[in-house]
There are 2 protein chains.
Amino acid sequence: MDFLSAGASCAGSAPAGACAPSADAAGLCSVEDVLDRIGSKWSVCILVAAASGPIRFSALERAIPGISRRMLTLTLRNLERDGLLVRTSYPTVPPRVEYSMTPMAVELQAALLTLTTWARRHQADIAAARARYDERTPG
Amino acid sequence: MDFLSAGASCAGSAPAGACAPSADAAGLCSVEDVLDRIGSKWSVCILVAAASGPIRFSALERAIPGISRRMLTLTLRNLERDGLLVRTSYPTVPPRVEYSMTPMAVELQAALLTLTTWARRHQADIAAARARYDERTPG
DNA sequence: CTGTATCCCAGCAGATACTG
DNA sequence: CAGTATCTGCTGGGATACAG
């Protein structure tokens, strides 16, 4: 539990304890909150799609098959609210809106890369583990 | 949902690469699956609590304030199914069960460290961004 | 001590339709 | 093009009670 001990809170509102020695000042969002945001269903897809540079709403829609217009908008708003994306609208006609990553989001990409690497390296292991588990546990 | 379904992309039914502009043919959206797992509300807490060595059910319960017995069990089962935790039960009385991390999970800790480091470093920035956004957008 | 089983609800998320 | 609005179903997760 080394890496959460320096002021990260395990659960958002958890009192200080073995897992939540929160040194946060009041009002700061916890690491948990941040991870919740990152772990939401479409955030990573959007962040990845925006990695190469500013990207338009419709381009995002095309780049992320399966996402609904509603969820795209919602997730973009959240990302923007957290200061990870910047929304720039050009008052042309038809309207044109671009989303670009902030420096903070660029840093996040590096962090996500570590996870990606781990995930790809262990994809097979996890699949195998699941298969084994499911076979042992017919229920 | 299936971790290994070949060509699985962001939404699980999307063509490979559609969501992954970066240069990974395997589909970066395996990250989605990983984050879904580790991004679930309690997984990280449990992983962190188990980092120091084998830990008992009751110890986990105490270490993670706010977690319900139900969610602790459920999350442990998922982690075990994915091959991240190993469950060892000693047929003593009263019963004693220990959970320990697999090597794969140990590697994951390193990946999580990168993320949590980022999260901690930008906690204040994110909180500030949110405050700013909420002020600019009252309704 | 280590779980299961059940009920229940808030919020996420999909589908669809409408608008500046 | 880039969204909003609304309805609705689904599931994660809390509370509680029971069990091996």
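Every chain is numbered from 1 and lettered A, B, ... according to where its sequence line falls, protein lines coming before strand lines.
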Minimum side-chain heavy-atom gap Y99(A)-L76(A) below 4.5 Å | yes
Mind running a 4.0 Å heavy-atom check of residues 92-101 of chain A against DNA chain D and sending the residues that fall below it, in number order?
-> P94(A), P95(A), R96(A), V97(A), Y99(A)
When you measure from the side chain of W118(B) to the backbone N and O of M104(A), does any donor-acceptor pair fall under 3.5 Å?
-> yes
Using whole Å, report how far CZ of R62(A) lies from P of dG3(D).
-> 14 Å
Degree of bending, the helix from dC1(C)-dG20(D) to dG20(C)-dC1(D) (end axes from five pairs; round to 10°) | 50°
Listed by chain and number, what are the salt bridge (Lys or Arg N to Asp or Glu O under 4.0 Å) partners of R69(B), not counting sequence neighbours?
-> E61(B)
L72(B) side chain near I46(B) side chain, heavy-atom distance below 4.5 Å | yes
Tell me: CZ of R77(B) to P of dG13(D), nearest whole Å?
-> 17 Å
Side-chain contact test, heavy atoms from C-beta onward, threshold under 4.5 Å: evaluate it for E98(B) versus R96(B) and give yes or no.
-> yes
Return no unless some side-chain N or O of S58(A) is found under 4.0 Å from OP1 or OP2 of dA2(D).
-> yes
Going through the distances and angles, do S43(A) and S40(A) end up as a side-chain hydrogen bond (donor to acceptor under 3.5 Å, both in side chains)?
-> CA-CA 6 Å; S43(A) 295; S40(A) 90; 2.7 Å; yes
Under 4.0 Å between a Lys/Arg side-chain N and an Asp/Glu carboxylate O for E107(A) and R121(B)?
-> yes
Going hydrophobic residue to hydrophobic residue with side-chain gaps under 4.5 angstrom, can you get from I64(A) over to M71(A)?
-> yes
In one Ile/Leu/Val/Met/Phe/Trp/Tyr side-chain cluster, 4.5 Å: L74(B), V97(B) = yes
Residues in salt bridge (Lys or Arg N to Asp or Glu O under 4.0 Å) with R70(A), at least two apart?
-> none
Minimum-distance pair of heavy atoms, taken over all atoms of L85(A) and L47(A) = CD2-CD1, 4.2 Å
Identify each atom pair where a protein N or O and an N or O of nucleotides 14-16 of chain D are less than 3.5 Å apart, giving names and distance.
unit_1, atom_1, unit_2, atom_2, d
dG14(D), OP1, K41(B), NZ, 2.8
dG14(D), O6, R70(B), NE, 3.3

Knowing that exactly one of L112(A), L115(A), D82(A) qualifies, which makes a side-chain contact (heavy atoms from CB on, under 4.5 Å) with I38(A)?
-> L112(A)
Stepwise, does the side-chain contact (heavy atoms from CB on, under 4.5 Å) test hold for T73(A) with F57(A)?
-> CA-CA 9 Å; T73(A) 301; F57(A) 187 90; 3.7 Å; yes
Name the first nucleotide and the last nucleotide along DNA chain C (5' to 3') that come under 4.0 Å of a heavy atom in chain B.
-> dC1(C) to dT6(C)
